[in-house]
Amino acid sequence: MRGAMNYKKIAGIIGPLLVIEAIFMIPAWAISTGYHETRAAYAILKSMVIILCAAGVFFLVSRNARNGFYAKEGLVTTGFAWIIMSALGCLPFYISREIPRYIDCLFEMVSGFTTTGSSILHNVEALSKGLIYWRSFSHWLGGMGVLVFLMAVVPLSGKNEGFTLHILRAESPGPSVGKMVPRMRQTASILYLIYIALTILNVIFLVAGGMPLFDAVCTAYGTAGTGGFGIKNDSMGSYSPYLQTVTTVFMFIFAVNFSCYYLLLLKRWKDVFKDEELHLYLAIIAVTITAITINIRDFYPTVRECIHQAAFAVATVMSTSGFAISDFNLWPAFSKAVLLFLMFCGACAGSTGGGIKVSRILLLFRSLRRNFHQNTHPSEVRKVRTNGQVVDEKVMNNVNAYLIAYVMIDLPSAVYIQKSGI
């Protein structure tokens, strides 16, 4: 029976997932209630009821599910989970009529859960507080992956070995998935504890700079998830340089592989300092900030302001956050080209950021170097190595396939957007 898709098992995962989504709407409902936003509070409450009813349907479908769960189920579960969560998670916006068209509500929620950060809203500040919170929280929930959260809090282990690994592998943003500890559920728990701790630390630094608590929490959600939903119409432009700097630093922090933070907790400093992906990540940051600073020197009165603007731009683009404090389109073509490269490159594997990932860029360059070497030394067998270990050829094939798929999706999308005049 391994060949047949285990739909009932998939439904058994989607059900608890929707329950979690409904529970996470409670703070948004409480905020709307506290601010006397009657329509928004009713919309959120009604959405919670609808989501719980949908969860009940999935629980019924999942009865008597067999135990088989493999890589294909992991992929289908991940894809379908994000679709159904977005389709139901956008209901508060639609029911409240604060975003009148359902397709626009869906766009906003998909952008939130996928931490894309694109928005159809021209006046974000017109939204009720509860819905602003839910919109920002979608970034935080999507940043680490809601299925990873589900693994951390709900016992999902099946009888077949590798059940949770298939889930984590499907959610993983990097070229390979490793265990921090022997049990995958413990790995998921550690990831989320680090995620929560860094988010709280971000909020503390923002509040210390005079940002209101509500603003600080919503901004931290967007920073942690590297999605960049702003709660002001000018994103981060109206906040103080201190608050912008804090956001810059935490965008860089959340774009680092979370395994590095776990190693720091274990006091394995040498392993962190030897991490080649981290080396390349920091080198890219240093080089691009320096290059852009020099290039935009005539646009700002002081070198300090140039560095501030360049650092924020590099952080928001490389982490794929999308916050803004200035219009990059007014900068010279060289700076815009650098930012385009950073957008393509993205953050580290195992982070909340998007893009190709620094680890894949590293592997692609080493694969290219190996191919050049083998052309001149055909009889020599050479392996690609990273962090002193040989990279499996299956991983290299997956990296190459990922790049091809990325380009095949990206280029037609860019052409379509260009022709549509978006």
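Here, residue 1 is the first one in the sequence, and each next residue gets the next number.
Taking CG of Leu362 as the start and CD1 of Ile356 as the end, the distance is 13.5 Å to the nearest 0.5 Å. Here the CG atom belonging to Asn295 is positioned 12.5 Å from the OG1 atom belonging to Thr288, to the nearest 0.5 angstrom. With rounding to the nearest 0.5 Å, the separation of CG in Leu265 from CD1 in Ile194 is 5.5 Å. Taking SG of Cys348 as the reference point, atom CD1 of Ile361 lies at 11.5 Å (rounded to 0.5 Å). Atom-to-atom distance recorded for Leu191:CG and Thr352:OG1 is 11.5 Å, nearest 0.5 angstrom. Taken from CG in Leu106 to OH in Tyr94, the straight-line distance is 12.0 Å, to the nearest 0.5 Å.
The side-chain hydrogen bond (donor to acceptor under 3.5 Å, both in side chains) test applied to Asn400 returns no partner, not counting sequence neighbours. A search for side-chain hydrogen bond (donor to acceptor under 3.5 Å, both in side chains) contacts involving Thr248 returns nothing, not counting sequence neighbours. Taking the side-chain contact (heavy atoms from CB on, under 4.5 Å) definition, one finds that Lys267 meets it with Trp269, sequence neighbours left out. Scored by the side-chain contact (heavy atoms from CB on, under 4.5 Å) test, Ala255 finds Tyr281, Ser319, Ala347 as partners (sequence neighbours excluded). Shown here are the side-chain contact (heavy atoms from CB on, under 4.5 Å) partners of Ile307, two or more places apart in sequence or in another chain: Thr293, Val303. Not a single side-chain hydrogen bond (donor to acceptor under 3.5 Å, both in side chains) links Ser86 to another residue, sequence neighbours left out. Taking Phe252 as the reference, nothing meets the ring pair (Phe, Tyr, Trp, His ring centres under 6.0 Å) condition, with sequence neighbours excluded. The side-chain hydrogen bond (donor to acceptor under 3.5 Å, both in side chains) check on Asp271 picks up Arg268, with sequence neighbours excluded. Qualifying ring pair (Phe, Tyr, Trp, His ring centres under 6.0 Å) partners for Tyr261, counting only residues two or more places apart in sequence or in other chains: Phe258.
Sorted by first then second residue, the side chain to side chain donor-acceptor pair (under 3.5 Å) pairs that include residues 127-139, not counting sequence neighbours, are Glu98-Ser128, Glu108-Arg135, Ser119-Arg135, Tyr133-Tyr221. Contacts classified as salt bridge (Lys or Arg N to Asp or Glu O under 4.0 Å) and involving residues 361-374 (residues at least two apart or in different chains) are given here: Glu276-Arg366, Arg370-Glu393.
No donor-acceptor pair closer than 3.5 Å links the side chain of Thr316 to the backbone N or O of Ala313. A donor-acceptor pair under 3.5 Å links the side-chain atoms of His279 to the main chain of Phe273, judged by distance alone. Under a 3.5 Å cut-off, the side chain of Glu125 and the backbone N or O of Asn233 do form a donor-acceptor pair. With hydrogens and angles ignored, the 3.5 Å screen pairs a side-chain donor or acceptor of Ser413 with a backbone N or O of Ile409.
A donor and an acceptor atom, one from each side chain of Asn257 and Ser351, are nowhere located under 3.5 Å apart.
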When you look at Ser367 and Val399, which way does the side chain to side chain contact (heavy atoms under 4.5 Å, CB included) test go after all the steps?
-> CA-CA 10 Å; Ser367 177; Val399 169; over 6 Å; no
For Val358 and Cys345, what are the C-alpha separation, side-chain angles and deciding distance, and is it a side chain to side chain contact (heavy atoms under 4.5 Å, CB included)?
-> CA-CA 6 Å; Val358 175; Cys345 176; 4.0 Å; yes
Stepwise side chain to side chain contact (heavy atoms under 4.5 Å, CB included) test for Phe24 and Ile20 = CA-CA 6 Å; Phe24 278 143; Ile20 290 174; 3.2 Å; yes
Does the side chain to side chain contact (heavy atoms under 4.5 Å, CB included) test come out yes or no for Tyr300 and His308, once each step is laid out?
-> CA-CA 10 Å; Tyr300 299 97; His308 176 77; over 6 Å; no
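Residues Ile14 and Val61 fail the side-chain proximity criterion, which asks for heavy atoms closer than 4.5 Å. Between Trp331 and Gln309 there is a side-chain heavy-atom pair separated by less than 4.5 Å. The side-chain heavy atoms of Leu342 and Ile284, taken from C-beta on, include a pair separated by under 4.5 Å. Looking only at side-chain heavy atoms (C-beta outward), Phe137 and Leu141 come within less than 4.5 Å of each other. Between Phe229 and Ile132 there is no side-chain heavy-atom pair separated by less than 4.5 Å. At a threshold of 4.5 Å between non-hydrogen side-chain atoms, the residues Ser321 and Thr223 do not count as touching. Annotation: side chain of Met25 is in contact with side chain of Ile51 (closest heavy-atom distance under 4.5 Å). Residues Arg360 and Leu403 form no side-chain contact, since every pair of their non-hydrogen atoms from C-beta on lies 4.5 Å or further apart.
Between Met236 and Met211 the shortest heavy-atom distance is CE-CE, 4.5 Å. Taking every heavy atom of both residues into account, Thr290 and Ala286 meet most closely at OG1-O, 2.8 Å. The two residues Thr320 and Gly355 have their closest heavy-atom pair at CG2-N, 4.0 Å. The two atoms that bring Ser359 and Ala349 nearest to each other are OG-CB, 3.3 Å, heavy atoms only. Minimum interatomic distance between Asn329 and Lys336 (heavy atoms only, all atoms of both residues): O-NZ, 3.4 Å. For Val207 against Ala216, the heavy-atom pair with the smallest separation is CG2-CB, 3.7 Å.
Atom CZ of Arg297 has more than 12 neighbouring heavy atoms from other residues, nucleotides or ligands inside a 6.0 Å radius. Summarising the local packing, CH2 of Trp29 is surrounded by 12 or fewer heavy atoms from other residues, nucleotides or ligands at distances under 6.0 Å. Remark: Lys8 NZ is packed, more than 12 non-hydrogen atoms of other residues, nucleotides or ligands lying under 6.0 Å away. By the neighbour-count criterion of 12 heavy atoms within 6.0 Å, atom CD1 of Ile103 is sparsely surrounded, having that number or fewer from other residues, nucleotides or ligands.
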Using a 3.5 Å cut-off and no angle test, enumerate the donor-acceptor pairs between side-chain atoms of residues 197-206 and protein atoms at least two apart in sequence or in another chain.
residue	atom	partner	partner atom	Å
Thr199	OG1	Trp140	NE1	2.9
Thr199	OG1	Tyr195	O	2.7

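Aromatic pair Phe344/Tyr406: centroids less than 6.0 angstrom apart.
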